[in-house]
Every structure is written in C-alpha cells, then in structure tokens.
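What follows is one structure encoded as structure tokens, with my remarks underneath.
Position 1 is the first residue of the sequence; numbering continues from there.
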Amino acid sequence: MSIMSYNGGAVMAMRGKNCVAIASDRRFGIQAQMVTTDFQKIFPMGDRLYIGLAGLATDVQTVSQRLKFRLNLYELKEGRQIKPKTFMSMVSNLLYEKRFGPYYIEPVIAGLDPKTLEPFICSLDLIGCPMVTEDFVVSGTCSEQMYGMCESLWEPDMVSMPKMSLNCLDRKLQGCNGSFTQQKTPSFNKVTDFVNLFINCV
C-alpha cells in the first residue's frame with residue numbers, strides 16, 4: 001500500500017464564471033479503519049485563497065502550519081495579500097526543499113486574485129511540480145473516480161458547484177464519510193459543511 005493512501009482522502013477544486021470552489025472529505029482513518037469524520041483538509045490562506053491537502057495526515061497538519069507561517073511573513077513584509085500564483089510558488093518551494101524526504105501530500109490551491117478577482121486553481125505533486133488548469137483539479141485516493149465525474153459534469157462558466165463532490169467522494173468508501181466545500185465569488189461567500197452537499201448560489 002502506498003503511504004499516500006494510508007490515511008485516505010480526496011480534494012477537488014473547480015473554476016467557474018468569476019468563482020472557484022474547493023471540496024474535500026472529512027474522513028480520518030488508518031487504511032480501512034475509521035477514526036473520525038471531522039478532520040480538516042481545507043485551510044484558508046486569505047480572504048479568497050484556500051489550499052486543500054490530501055495525503056498523510058501528519059504531513060497535512062505540518063505543511064498547513066508551515067505555509068501559514070510563511071504566508072504571515074510574506075504579508076508582514078509586503079504589506080498586501082498574496083496572489084494565488086505567488087502562493088503556488090511558495091507551496092512549490094516548500095515542497096521542493098524536502099524533495100529527498102518529501103511531505104506525502106498533494107496540494108490543491110483555489111482562489112481569486114485580490115485585485116482582478118480572476119479565478120485560479122492548480123494542483124501540485126509531492127515535490128512541488130505545479131499543474132495550472134482552466135477547469136478542475138483533483139487529488140487523493142479516489143482521483144480516478146473524481147476525474148470521471150468532473151469530466152462528465154463540468155461545464156464552462158459554471159456559477160455553482162453541483163453535487164459533483166459528493167458523487168465523487170461516494171464512489172470510493174475510503175474517500176467519503178462527510179464532506180466540506182468552500183465556494184468563493186467576488187460578492188458571495190457560502191460555506192457548506194454537511195454530508196448531503198448541494199451548493200446553489202448566485
């Protein structure tokens with residue numbers, strides 16, 4: 001068994017019309033054993049910036065704390081909010097520093113530019129190689145199922161994230177049991193935190 005699937009988990013992000021959405025499961029387990037269903041995998045890194053971390057649970061917590069530390073230093077020094085593309089470089093740098101003994105996580109970043117409000121999503125591998133897309137990104141133990149569902153249901157200029165995340169996560173038992181979604185638009189903020197997830201906004 002791969003160490004990446006030891007704790008299980010799934011994260012996905014989508015880009016829509018002037019909005020982004022990021023979703024993850026809330027399961028924390030050890031292989032097939034369930035431990036809890038309230039484990040945080042999506043972390044706010046600004047007013048309109050989020051990172052989702054799928055992988056080994058200890059590395060998820062370590063990387064989120066180190067990124068928050070670096071982000072606070074950046075904002076203190078620069079005196080402004082970080083752009084999503086700059087934050088992607090920061091995450092890539094952190095992961096590449098540990099390439100010989102990597103953090104076993106696959107980050108997903110979703111956010112809006114602080115000035116232009118342009119949507120941005122990307123994913124990175126465990127040594128920090130980024131992949132920026134215009135539609136959706138996925139990572140985690142059930143990425144094959146999520147790819148299939150996203151390719152079937154995603155459309156250009158979407159204004160809400162449908163039941164895609166719940167459908168994806170339910171396709172594999174080790175990547176479900178509770179879900180969390182955050183959707184950001186320039187004028188709207190909605191947080192949904194329950195199992196039967198359905199977002200319908202603006």
Side-chain angles (χ1 to χ4, degrees), residues 4 7-16 19-29 35-72 81-82 84 87-88 90-92 94-95 103-112 119-126 130-133 136-143 146 149-150 160-170 172 174-185 188-199 201:
M4 295 293 290
N7 295 121
V11 180
M12 65 186 296
M14 287 190 167
R15 177 175 172 158
C19 67
V20 293
I22 185 168
S24 80
D25 68 312
R26 301 293 299 266
R27 177 187 185 273
F28 170 67
V35 177
T36 183
T37 57
D38 59 358
F39 186 73
Q40 184 180 7
K41 294 177 186 172
I42 296 178
F43 302 91
M45 294 289 160
D47 290 339
R48 296 185 176 96
L49 182 61
Y50 291 85
I51 185 167
L53 302 171
L56 192 63
T58 52
D59 287 350
V60 166
Q61 294 176 329
T62 301
V63 169
S64 67
Q65 291 169 5
R66 291 191 178 219
L67 283 174
K68 195 64 180 172
F69 171 73
R70 290 190 181 197
L71 185 66
N72 289 341
Q81 287 188 340
I82 195 168
F87 182 66
M88 177 190 71
M90 181 185 290
V91 176
S92 180
L94 174 69
L95 296 176
Y103 293 116
Y104 294 105
I105 57 160
E106 293 175 335
V108 169
I109 298 170
L112 301 175
F120 177 85
I121 59 170
C122 79
S123 65
L124 299 96
D125 65 7
L126 73 166
M131 181 186 71
V132 180
T133 65
F136 58 85
V137 290
V138 301
S139 74
T141 53
C142 58
S143 56
M146 288 192 290
M149 195 64 66
C150 290
S160 69
M161 187 176 183
K163 281 184 131 177
M164 217 169 302
S165 61
L166 184 64
N167 292 340
C168 296
L169 300 176
D170 276 345
K172 185 164 184 182
Q174 197 169 350
C176 63
N177 297 310
S179 54
F180 174 85
T181 295
Q182 179 73 46
Q183 180 157 345
K184 278 290 184 178
T185 65
F188 187 84
N189 173 17
K190 182 171 184 175
V191 178
T192 306
D193 187 4
F194 53 93
V195 176
N196 293 320
L197 165 68
F198 185 77
I199 291 187
C201 50

In the structure I gave you, are the side-chain heavy atoms of Val60 and Phe43 within less than 4.5 Å of one another anywhere? yes

Just wondering, do Val63 and Leu94 contact through their side chains at under 4.5 Å, heavy atoms? yes

Closest heavy-atom pair and its distance - Val137, Cys122: CG2-O, 3.8 Å

To check you understand the geometry: which heavy-atom pair defines the closest contact between Ser24 and Val11, and what is its length? CB-CG2, 3.9 Å

Quick check: do Leu124 and Met131 have side-chain heavy atoms less than 4.5 Å from each other? no

Kindly determine whether Val138 and Cys150 satisfy side-chain contact (heavy atoms from CB on, under 4.5 Å), including the steps that lead there. CA-CA 9 Å; Val138 301; Cys150 290; 4.2 Å; yes

Checking Ser139 side chain against Glu106 main chain: does a donor-acceptor pair fall under 3.5 Å? yes

Considering only heavy atoms from C-beta outward, does the side chain of Met4 approach that of Thr141 to under 4.5 Å? no

To the nearest 0.5 Å, what is the distance between CD (Gln40) and CZ (Arg26)? 7.0 Å

Looking at CE of Met90 and CE of Met45, how far apart are the two atoms once the value is rounded to the nearest 0.5 Å? 9.5 Å

Check Ile42 against Ala23 and note the closest heavy-atom contact, atom names and distance. CD1-C, 3.7 Å

Nearest-0.5 Å distance that lies between atom CZ in Arg70 and atom CZ in Phe87: 10.5 Å

Nearest-0.5 Å distance, CZ of residue Phe136 to CE of residue Met14: 6.5 Å

Report the C-alpha separation of Ile82 and Leu71 in whole Å, then their side-chain angles, then the decisive distance to 0.1 Å, and conclude whether the side-chain contact (heavy atoms from CB on, under 4.5 Å) test is met. CA-CA 8 Å; Ile82 195 168; Leu71 185 66; 3.3 Å; yes

In Å, rounded to the nearest 0.5 Å, how long is the span from CD1 of Ile109 to CG of Leu49? 7.0 Å

Nearest 0.5 Å, what's the CZ-SG distance between Arg48 and Cys19? 12.5 Å

Validation row: Phe120, Val132 side chains within 4.5 angstrom (heavy atoms): yes

Are the side chain of Lys41 and the backbone N or O of Arg27 linked by a donor-acceptor pair below 3.5 Å? yes

Would you say that Ile105 contacts Leu95 through its side chain, given a criterion of any heavy-atom pair below 4.5 Å between the two side chains? yes

Heavy-atom nearest pair, Pro119 first then Arg15, reads O-NH1, 3.2 Å

Sub-4.5 Å side-chain heavy-atom contact between Pro84 and Leu112: no

Close side-chain approach of Tyr103 and Leu53, heavy atoms under 4.5 Å: no

Of all heavy-atom pairs between Asn7 and Ala57, which one has the smallest distance, and what is that distance? OD1-N, 2.9 Å

Please name the pair of heavy atoms, one in Ile51 and one in Pro107, separated by the smallest distance, quoted to 0.1 Å. CD1-CB, 3.9 Å

Using the rule side chain to side chain contact (heavy atoms under 4.5 Å, CB included), only one of Asn72, Thr62, Val91 pairs with Leu67; which is it? Val91

